[in-house]
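Reviewing the structure listed below.
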Amino acid sequence: MEKYNHLEIDKKWQKAWEEEGVNKTGEDQAKPKYYVLDMFPYPSGAGLHVGHPKGYIATDILARYKMMNGFNVLHPMGWDAFGLPAENYALKNKVHPKVQTEENIATYKKQLEKIGMSYDWSREINTTDPEYYKWTQWTFIKMWEKGLAFESFEPIIWCPKCQTGLAMEDLEDGKCERCESEIERKPMRQWVIKITDYADRLLADLDKLPGWEDSIKEMQRNWIGRSEGAEINFVIASEAKQSRGESNDIKVFTTRPDTLFGCTYVVIAPEKLVDLKLEIKNKAEVDEYIKKTKAKSDLERTDLNKDKTGVKLEGVMAINPANGEEVPVFIADYVLAGYGTGAVMAVPAHDERDFEFAKKYDLPIKNVIEPEFGEKRENEEFRNRIVAVVYNPKNNKVLTLNWGDKFGGYLNVGGGIEEGESPEQAARREILEETGYKNLKLVNQSEKVRHHFIAYNKGVNRGTEIIGLFFELIDELADAQSLSPEEEGKFELEWLLASEVKNKIIDPCHNYLVDKFINDVAFTGNGFNVNSDFLNGLSTAEAKVKIVEWLEKEGKGKKKVNYKLNDWVFSRQRYWGEPIPFVHCEKCGVVPVAEKDLPVRLPDVEHYEPSGTGESPLANITDWVNTTCPKCGGKAKRETNTMPQWAGSSWYYLRYIDSKNSESLVDKEKEKYWSPVDFYVGGAEHATRHLIYARFWHKFLFDIGVVNYEEPFTKLQHVGLIMAEDGRKMSKRWGNVINPDDIIAQYGADAMRVYEMFMGPFGQSCAWNTNGLVGARKFLDKINDYVDSWKVEYKEGEVHESKDTVIDKKNSLIEKTIKKVGEDIVEFKFNTAISQMMICWNYIRAEEKKNLPNGAEYSETLERIITKKQLGKLIQILAPFAPHLAEEIWRNKLGNKQSIFVSESPSGDHNKTVMSVWPEYDPELIKDDIVNLVVQINGKLRATIEVAADISEEDAKKLAQENDNIKKWLEGKEIIKIIFIPGKLLNIVVK
RNA sequence: GGUCCGGUGGCGGAACUGGUAUACGCGCAGCACUUAAAAUGCUGUGUUCGUGAGAGCAUGAGGGUUCGAUUCCCUCCCGGACCACCA
């Protein structure tokens, strides 16, 4: 078998496509459009490894498929080139980041071109190009005008090594994601964007994105972290007597306002105490604690295993607005300053963290919720019951009754309270009857608990009010059980280790009681209010509504929605980023640079070292810093902070639409035609940050009328990583990096493309295997070999003539392949598309081999089993995957004049030039006329018989019963049922 | 701890809406070609029993629903991703 010369044809067609403008994006707005986008890369010095292009190959396949379907396809590429690595490299090697970046881009571009990408390079963008970042700056000024961007002096996260401020989102495990340094908090002047104003829309509009994977939407929901609750004011007691000092109220946020009557203290985050002017008697102790908190790293503070600590503010009491009770106030670092109001009302009975803290500091725990388990059913019979948890302290085991899987599984001793009995008497009686144990000590007793369940042994729906009782075994003396007939033999006694009870007992109520008695936990679920004055008897949902209404009426609180999402810290104290386009005027304060003076260009500097004072290296360039105020003309200094790397990538997809526009960010007409992006592909690591920022940025541009729709990306698909052959990530560090240049030189671009798409499901990560790559290359060689063996001269248009209308296996297989490949491309199921093509080619080659006399060679006189037209179609559907080989065959071997990717005649002369339109399949031909009917006996395969596809049940039955093997299985059996699925299966059920 | 996604041969993986489990590729074995090797081609390849036809068992484990379950339901185990004191 002759191998095709990839070195020659790869280069030849890449050049031809460039020269012929095959990759140029069409602008004829009468045609339908398709915008397919890759997340643009940060061009690092290391260049691409074979994992990087996986997503790009996939979008290229989709783009070429859409081209062949007559779409104007926008499939661009660009560079996200601002950022720390280039700057750090510049620092070390004294090279201007710009020079370094340009070099890297050239490398990347060369590498991508070798893979045969259909990018329209005339639309290439670069975030570091002043003509590009002009519009990043312009948008930022617009945000400032709308009050969304502002300066803030709040403490921000500071990386001591990178010498720059970071956003919450730039942390990994509480450390700087770039250099893994422990971060600090440093109060500093910062620019902040109020992304939280858009939190609700960012959340709600996820519903407008059915084309996004659920997992990514879920991550965004999680990140935005919306929770509904109430903000409640706790007045400081001493001040309440004088006048109600509104400003000095402790405002808390809670999602459980219904538990307000159970609040026994209030906790403030240590950092938040300064905001309140309180007279604290133990100020020294409090200051000491605050100091310690600051010294702790974030990692230490968020360590879940650590004991909760805090300090009581002596002399300060807060008033619970619901009942007027005075409760103590603490500072404790388990309360986060950055979430909600930075203060909480502690309800130890119904919150685990408060419970833990209350136990440690011996604070009162007031129960206000009667737990409810199970759902209320129709026709409930109501009873008062007990559940007895019997515990043997000698071996740490709990007594259970195992009722079997059908009747509730493992349960504790339970039963009704008879007339005149106390709960304890009832419990002791039930324990004796059901288990025989008689020497028990009552240790603990629960509050009332509601429980709905099905009493299996009586067959009724029960609604109950339960008292849980906790007994310890004094000794193991026991009488015989004395069970009623209906309980006799229904269960077995089992002693379970306390640690395994949770896994065995399914019933949530019994589980809760065991957990409560043995592990001493708080009840955090829902139920009914008790000890809560006017809330008593209401369900959790009802109580939430009622208390909020009451608080609002009394002016003591309000309904409040809170988000985990933080505002976006938008300034970095570094050089290599977009200058923030503002000046600080001695007279006018903060003033934006006039639109006509944009872009504010990054000046050249000698040194890129951060000043260390928290100012960017730009601060040292006095020529640049000193300027005049755009408003009053007076003396002013330029803002020296730069934007974060996320800025440029938040809107780049819009610029491709109109990359050279100097009048506006994007032309409105063009935007309307091309937006939104139809298909967006990139790494899952951007699920929250980039994709939240971009959605926010887009919504803002929508609000100011720049774009016409609220969401930028219709469909989002994440790409699975390609790992190295050793299963680790490809990295210089492990020495396991495979360079695509080497692969392409040895096997060709098409083999690499096919292999990467064939490896497995697109979204799944998978280890590279060079043997697998060889398989892909063999597949392509076989196709090339097959075409060559025809040895026929083709004339233009000839492959498009002959007709194929016979329904047979071969035609049906070809049509099915055309159908499946087209469908799979759109769904990004490339592995099965390639598999289907392999099946098809294997079949054709094998069938033709059968017709050859032994040892004979193909010749032009030999009758082939497929038509020329079919050969053309099979090459067309291969083309998006293996564009170079397909183009070589299409033009050089099948005699076509125009590219396989051009689906229209450029001259408009449709008669002369053959166009390459994605083939349609014939639904009639797809049908099989003969099928293998599966014959089962009792669901087990016993025979397959070849029958006409439209065979009737009667005929199928008859044929099946004639089959020897089936006869054997039917012998002496009675047929009780027959299931027939036409064209598929016949299942005979026998007895 | 929470949320989400997975678990199928020696390996990557396929299987529509519940209907022939292991397609396709890799690897491995045997054969052909060759002085030999590589390349290529052909044949075989879940496992157990059987000369064979065929039969039993297999989709992380256990149970359930069904004529029939990789697919649906329940419990558990393992792996991955994200979030993590979010009140």
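The sequence lines fix the lettering, A, B, ..., with proteins before strands; numbering per chain opens at 1. Any value given below was found using the heavy atoms of this structure, including those in side chains, with hydrogens, waters and symmetry copies removed.
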Residue met sooner reading RNA chain B from 5', once A:Thr254 and A:Val934 are mapped to nucleotides: A:Val934
When the [atom1] atoms of [N] and [M] are considered, how many whole Å apart are they?
N	M	atom1	result
B:rA15	B:rG25	P	16 Å
B:rG13	B:rU8	C1'	9 Å
B:rC26	B:rG19	C1'	30 Å

Would you please confirm or rule out a distance under 4.0 Å between OP1 or OP2 of [N] and any side-chain N or O of [X]?
X	N	value
A:Asn842	B:rG25	yes
A:Trp969	B:rA55	yes
A:Lys984	B:rG19	no
A:Lys940	B:rC57	yes
A:Tyr339	B:rA87	yes
A:Arg942	B:rG54	no

Member of A:Asn842, A:Ile783, A:Thr832, A:Thr817 meeting the side-chain contact (heavy atoms from CB on, under 4.5 Å) criterion with A:Met837: A:Thr817
Answer with yes or no whether the side chains of [Y] and [X] bring together a donor and an acceptor at under 3.5 Å.
X	Y	value
A:Thr196	A:Asp567	yes
A:Asp200	A:Tyr563	yes
A:Glu356	A:Tyr334	no
A:Tyr289	A:Thr309	yes

N-O pairing of A:Arg728 and A:Asp726 below 4.0 Å: yes
Distance in angstrom units between A:Asn771 CG and B:rC26 P, rounded: 9 Å
Rounded interatomic separation in angstrom, taking CG from A:Leu985 and P from B:rA21: 10 Å
Nucleotides 3-14 of chain B: protein proximity per nucleotide (B base, S sugar-phosphate only, - neither; heavy atom, under 4.0 Å): SS-------BSS
hbond_proxy A:Lys308 side chain to B:rC85 base (donor-acceptor, 3.5 Å cutoff): yes
Geometric cation-pi criterion A:Lys816 and A:Tyr921, 6.0 Å radius, 45° cone: no
Chi-based syn or anti call at B:rG9, which uses purine or pyrimidine torsion atoms and a 90° bound: syn
Bracket notation of RNA chain B in which parentheses pair within the strand, [ ] cross earlier pairs, and | pairs with another strand (Watson-Crick or G-U, under 3.5 Å): (((((((..(((......[....)))((((((.......))))))((((....))))..(((((..]....))))))))))))....
